[in-house]
Protein chains: 2
Amino acid sequence: MNETDALAAFASISSATRLRILKLLVEAGTNGLSAGEIAAAVGATPSRTSFHLSNMSEAGLVTSSRMARQITYRLDFAVVGALMRYILEDCCKNNPTVRACCVTDGGC
Amino acid sequence: MNETDALAAFASISSATRLRILKLLVEAGTNGLSAGEIAAAVGATPSRTSFHLSNMSEAGLVTSSRMARQITYRLDFAVVGALMRYILEDCCKNNPTVRACCVTDGGC
DNA sequence: CTTTCATTTCAAGTTTTATTGAAATATACT
DNA sequence: AGTATATTTCAATAAAACTTGAAATGAAAG
């Protein structure tokens with residue numbers, strides 16, 4: 001992950017709707033969800049949802065594949081992980097205070 | 001960290017200049033840097049730098065304190081850590097793929 | 001090959017955010 | 001008090017992102 005990619009990812013998840021889509025796709029796991037299911041879940045119009053999904057796709061956060069008439073969107077967990085690593089290492093130089101928050105039993 | 005705070009933090013670090021300021025303040029550590037030093041380092045005008053710094057301050061990422069004529073800005077490492085934890089736990093439900101990227105020897 | 005369903009694209013208007021330079025505030029020095 | 005330094009605030013402009021609804025695309029079914 002480079003700076004340009006990280007900036008696009010941050011911009012993408014700084015929208016309340018898109019962050020909600022991300023959380024939804026985390027729960028959906030590797031199966032993903034169709035654009036229509038996502039639209040229904042977040043209560044947005046199809047065109048608005050499509051706009052947000054292409055934003056997330058351009059940011060590399062999601063992948064899409066057509067299944068018959070529907071298009072399935074899946075979260076790219078590796079990209080989210082790479083973003084975490086970018087903050088932790090490239091930005092924060094492995095600062096111990098920041099790093100402590102990333103362990104399950106961390107005092108944070 | 002709640003969703004509102006996380007959204008503000010993401011929006012803040014989705015600007016190239018502000019991400020650069022964050023990295024600068026990571027290296028400065030607990031000493032921090034004055035607004036003027038930051039402006040010089042990022043090559044921005046004082047007013048523009050001030051704008052970005054108040055954005056980061058509203059997002060909770062930095063703290064400020066006046067030292068004589070200068071105002072020192074410091075990164076709030078705990079807030080950055082809380083943001084990491086928010087992505088990892090609240091958003092990603094501790095997904096193992098994402099979590100693997102947060103350990104030094106992680107296969108990521 | 002027309003219809004239906006799922007999704008995307010487009011154009012228009014609205015809102016938000018960024019930039020610039022000048023003026024204002026706060027502190028220190030003489 | 002008056003001047004210089006450091007930073008912020010303000011108003012105006014410019015640029016980017018969001019929203020809406022209508023039209024277009026792609027795929028399946030009759």
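All chains are named by letter (A, B, ...) in the order of the sequence lines, taking the proteins before the strands, and each is independently numbered beginning at 1. Note that these values count all heavy atoms, side chains included, but never hydrogens, waters or copies made by symmetry.
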S.K.: If only side-chain N and O atoms of B/R69 are considered, is one of them under 4.0 Å from the OP1 or OP2 phosphate oxygen of C/dA28?
M.R.: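 For C/dA28, neither OP1 nor OP2 has a side-chain N or O of B/R69 closer than 4.0 Å.
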S.K.: How long is the line joining CG of A/L53 and P of C/dT8, in whole Å?
M.R.: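 Going from A/L53 (CG) to C/dT8 (P), I get 7 Å.
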S.K.: Taking B/S50 for its side chain and B/P46 for its backbone only, find out whether a donor-acceptor pair lies under 3.5 Å.
M.R.: no
S.K.: Return yes if some donor-acceptor pair links the side-chain N/O of B/S57 with the main-chain N/O of B/L53 below 3.5 Å, else return no.
M.R.: no
S.K.: Roughly how many Å is it from CZ in B/F51 to P in C/dT17, rounded to a whole number?
M.R.: 9 Å
S.K.: Using a heavy-atom cut-off of 4.0 Å across all strands, would you classify A/S34 as base, sugar-phosphate, or nothing?
M.R.: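 The answer is sugar-phosphate, as A/S34 gets under 4.0 Å only of primed atoms, P, OP1 or OP2.
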S.K.: Check each residue of residues 6-31 of chain A for a non-hydrogen atom within less than 4.0 Å of any atom in DNA chain C, then write out the ones that pass by number, or none.
M.R.: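 Per residue number, the list is empty: none.
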S.K.: Earliest and latest nucleotide of DNA chain D, 5' to 3', sitting under 4.0 Å from a non-hydrogen atom of chain A?
M.R.: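 Contact span on the strand: D/dC18 to D/dA28.
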S.K.: Can you find a heavy atom in the side chain of B/Y86 that is under 4.5 Å from one in the side chain of B/N2?
M.R.: no
S.K.: Taking for each residue the nucleotide of DNA chain C bearing the nearest heavy atom, is the 5' side occupied by A/Q70 or by A/S54?
M.R.: A/Q70
S.K.: Decide whether A/T104 and B/R99 meet the rule of one side-chain donor and one side-chain acceptor closer than 3.5 Å.
M.R.: no
S.K.: With no hydrogens and no angle check, do the side chains of A/R66 and A/T72 hold a donor and an acceptor under 3.5 Å apart?
M.R.: no
S.K.: Identify, with sequence neighbours excluded, every residue that meets side-chain hydrogen bond (donor to acceptor under 3.5 Å, both in side chains) alongside A/E58.
M.R.: none
S.K.: Less than 3.5 Å apart, any donor N or O on the side chain of A/S12 or A/N55 sitting next to an acceptor on the other?
M.R.: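 On atom types as modelled, these side chains qualify, holding a pair under 3.5 Å.
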S.K.: Look only at the side chain of A/R74 and the backbone of A/T30, and say whether a donor-acceptor pair between them is shorter than 3.5 Å.
M.R.: yes
S.K.: Can you tell me how far P of C/dT8 sits from CD of A/E58, to the nearest Å?
M.R.: 12 Å
